[in-house]
Amino acid sequence: MRQSQALVLLGIIAQNGIAKAASLPRGVGPEFVKFYEIKDTFACIAHPSIVIKSSQVNDNTCDCPDGSDEPGTAACALLDSLSPVQPLPASLSGTTNTTNALPGFWCANKGHVGAYVPFLFVNDGVCDYDLCCDGTEEYGKVGGVKCPNKCAEIGKEWRRVEKERKDNFERANKKRRTMVKESKELRRQVEARVSKIEGEIRDLEQKEAELRAKFEEVERSERGKVVKNEGTGKLGVLAGLAKSRINELREALADIVDERQQLQDKVSELEGILSAFKEEYNPNFNDEGVKKAVRAWEDYAAKKTQGSEEESNESGLEEIMKEDGESSGINWNEFQDEGVTDTDILYSFEAYLPGPLRDFLHGKINNLRVWLIENGMLADTVSKEGESQLVKAAREAHEAATRDVQSKRTTLDQEKRDLEKDYGNDDIFRILNGKCTSVEAGEYEYELCWMTQTTQKSKKGGSRTNMGNFQTISFKESDEEERHDGKGLGRGKRMVLEYTNGQHCWNGPNRRTDVWLACAETEELWRVSEQEKCVYKMEVGTPAACEALDQPGHVKDEL
């Protein structure tokens with residue numbers, strides 16, 4: 001097929017061009033009619049200063065430097081811009097150093113779509129039905145070749161395919177409109193969440209401030225308290241230490257008694273075994289070892305009956321292990337009550353004052369103590385280990401509120417970043433975000449996950465290789481032939497999703513993928529190719545790439 005070497009025109013020839021078609025030279029296209037109206041002379045299109053006779057038009061001789069005098073022959077084919085790449089073997093200089101003013105031989109293709117055919121194809125003995133379905137480019141019947149007009153059947157099939165393409169395009173656009181609505185709704189939901197979270201943060205910040213103030217107030221109040229305890233005076237401190245030490249010794253003694261009891265149980269068990277052995281062994285059996293063991297057991301049993309102090313020792317240990325109190329051991333309250341501390345003096349002094357004056361003086365003393373602590377003139381003995389339940393509860397409530405505020409702020413930042421992310425026109429890719437589509441090519445399976453990453457996985461197993469992470473959206477020019485199945489990029493500006501900074505390629509750069517998009521009714525990964533080392537190209541169909549001006553066809557990008 002020679003479609004790649006021609007420029008194809010969609011549309012209908014203007015009525016004035018049709019009316020004059022009979023009087024025009026062969027091969028003149030509709031936009032060049034004005035140059036070939038019947039006259040006695042003809043001026044070369046690109047060189048109007050050069051004028052020739054009308055009879056020299058299409059006389060199979062190239063008289064104009066731009067070849068415009070031969071619109072219906074191949075005489076000036078070497079000037080054809082659609083001809084093979086120069087240098088040309090038929091040219092003495094190796095190049096024409098000019099171009100033809102005409103795009104090619106015009107086939108009207110009545111009943112189908114008019115098109116230009118390269119001049120080299122004129123009268124070459126080949127019927128080029130893909131471009132010239134009416135067969136007029138082979139008017140010379142070279143080699144006896146005659147090309148019947150097939151525009152009726154070809155045009156019918158072309159219109160069927162074109163209608164199917166347009167229908168697919170309409171369905172794809174309809175789906176795109178639905179996707180736009182859904183994407184806008186998703187964006188609205190994100191905006192609503194942002195607004196809600198901002199309100200929640202304001203409430204939580206107010207609550208956090210209140211809890212912080214309450215915590216500081218409780219902590220300040222606790223600092224100012226003068227609490228009576230056993231550690232204030234020297235005697236109280238000594239009593240506390242002694243009490244703690246005695247409790248430790250009592251616990252150690254209890255452990256020893258338990259261990260002693262276990263050993264006694266084992267001894268009793270062994271004694272039972274030896275006693276049974278003595279009773280059951282055969283004294284007539286002449287075994288000196290057995291007899292010696294029996295005599296040793298008899299001596300041990302005799303010594304055991306002589307000791308009777310065990311029971312008295314047991315009762316003494318039980319008495320020592322009893323808890324201290326008024327009826328046994330040490331009564332520690334007697335020592336604690338006798339200790340006179342600064343706290344006792346303060347409370348005793350306040351007891352002699354009138355109620356209002358006592359309260360006033362107590363508050364002033366507390367404030368003075370807190371002031372001395374805050375200004376570093378008095379040591380602050382309060383610690384988390386020794387703080388009251390009230391301070392602990394207030395502190396934990398404040399810390400919980402602070403964590404709630406931080407968590408909400410993190411969520412808010414995530415939602416705001418999502419709103420700032422580029423999801424394309426109309427936020428169209430928001431509805432596709434995170435969804436994936438894949439295709440198998442060769443020994444690999446390739447996967448595109450919208451707005452996240454592209455991956456490659458061997459069919460033989462193993463983990464996926466990251467081919468790039470989504471970075472940005474750009475637009476690039478595509479120059480590919482239209483595919484009959486519609487699964488291609490075609491010609492024109494196309495949207496490209498750039499995925500960069502993928503997994504490092506051995507002896508090469510980090511992998512990257514350019515995802516080229518074309519309009520299609522469904523999301524489908526068509527093809528994957530490696531453009532250069534570790535740089536990939538994915539061709540993908542999706543309704544997200546459909547625009548009002550992207551209707552498929554042969555004309556839009558060529559004119």
Original post:
Does H398 reach the main-chain N or O of T402 with its side chain, forming a donor-acceptor pair under 3.5 Å?
Top reply: no
**OP:** Taking S183 for its side chain and M179 for its backbone only, find out whether a donor-acceptor pair lies under 3.5 Å.
**Re:** yes
Side chains of residues 144-151: which donor-acceptor pairs under 3.5 Å do they make with residues two or more places apart or in other chains?
| residue | atom | partner | partner atom | Å |
| --- | --- | --- | --- | --- |
| N149 | OD1 | C151 | N | 2.9 |

**OP:** Taking N123 for its side chain and V142 for its backbone only, find out whether a donor-acceptor pair lies under 3.5 Å.
**Re:** no
Original post:
Using a distance-only test with no angle check, is there a side-chain donor-acceptor pair under 3.5 angstrom linking S68 and D66?
Top reply: yes
Original post:
Hey, does R491 have a side-chain heavy atom less than 4.5 Å from the side chain of E481?
Top reply: yes
Subject >> Polar side-chain atom of E530 near backbone of C534 as donor-acceptor pair, under 3.5 Å >> reply: yes
Original post:
Below 2.5 Å, is that where the SG pair of C64 and C76 sits?
Top reply: no
Subject >> Donor on one side chain, acceptor on other, S54 and Q56, under 3.5 Å >> reply: no
Original post:
Is T500 reaching over with its side chain to a backbone N or O of G468, donor-acceptor style, under 3.5 angstrom?
Top reply: no
Original post:
Below 4.5 Å, heavy atoms only, C-beta onward: do F119 and L102 meet side chain to side chain?
Top reply: yes
Subject >> ring pair (Phe, Tyr, Trp, His ring centres under 6.0 Å) against F470, all qualifying residues, sequence neighbours excluded >> reply: Y499
Original post:
Does R26 make a cation-pi contact with Y139 (under 6.0 Å, within 45 degrees of the axis)?
Top reply: yes
Subject >> Contact list for residues 402-436, test ring-ring contact (aromatic ring centres under 6.0 Å, His included), sequence neighbours left out >> reply: F429-W450
Original post:
Do the side chain of R511 and the main chain of H504 share a donor and acceptor less than 3.5 angstrom apart?
Top reply: yes
Subject >> By ring pair (Phe, Tyr, Trp, His ring centres under 6.0 Å) - contacts of Y36 (at least two apart) >> reply: F42
Original post:
R483 side chain to L489 main-chain N or O, any donor-acceptor pair under 3.5 Å?
Top reply: no
**OP:** May I have the step-by-step check of disulfide bond (SG atoms under 2.5 Å apart) for C127 and C132, ending in yes or no?
**Re:** CA-CA 8 Å; C127 296; C132 196; over 6 Å; no
Original post:
Charged N to carboxylate O under 4.0 angstrom, E191 versus R187?
Top reply: yes
Subject >> With D426 via salt bridge (Lys or Arg N to Asp or Glu O under 4.0 Å) - residues at least two apart >> reply: R176
**OP:** Using atom types as modelled and distance alone, determine if a side-chain donor or acceptor of T542 lies under 3.5 Å from a backbone N or O of A544.
**Re:** yes
**OP:** Could you verify whether a donor N or O on one side chain and an acceptor N or O on the other, from E198 and S195, lie under 3.5 Å apart?
**Re:** no
Original post:
Do we see a donor-acceptor contact under 3.5 Å between the side chains of Q456 and Y446?
Top reply: yes
Original post:
Can you name the salt bridge (Lys or Arg N to Asp or Glu O under 4.0 Å) partners of R171, sequence neighbours left out?
Top reply: E521
Original post:
Taking the side chain from D134 and the backbone from N109, do they hold a donor-acceptor pair closer than 3.5 Å?
Top reply: yes
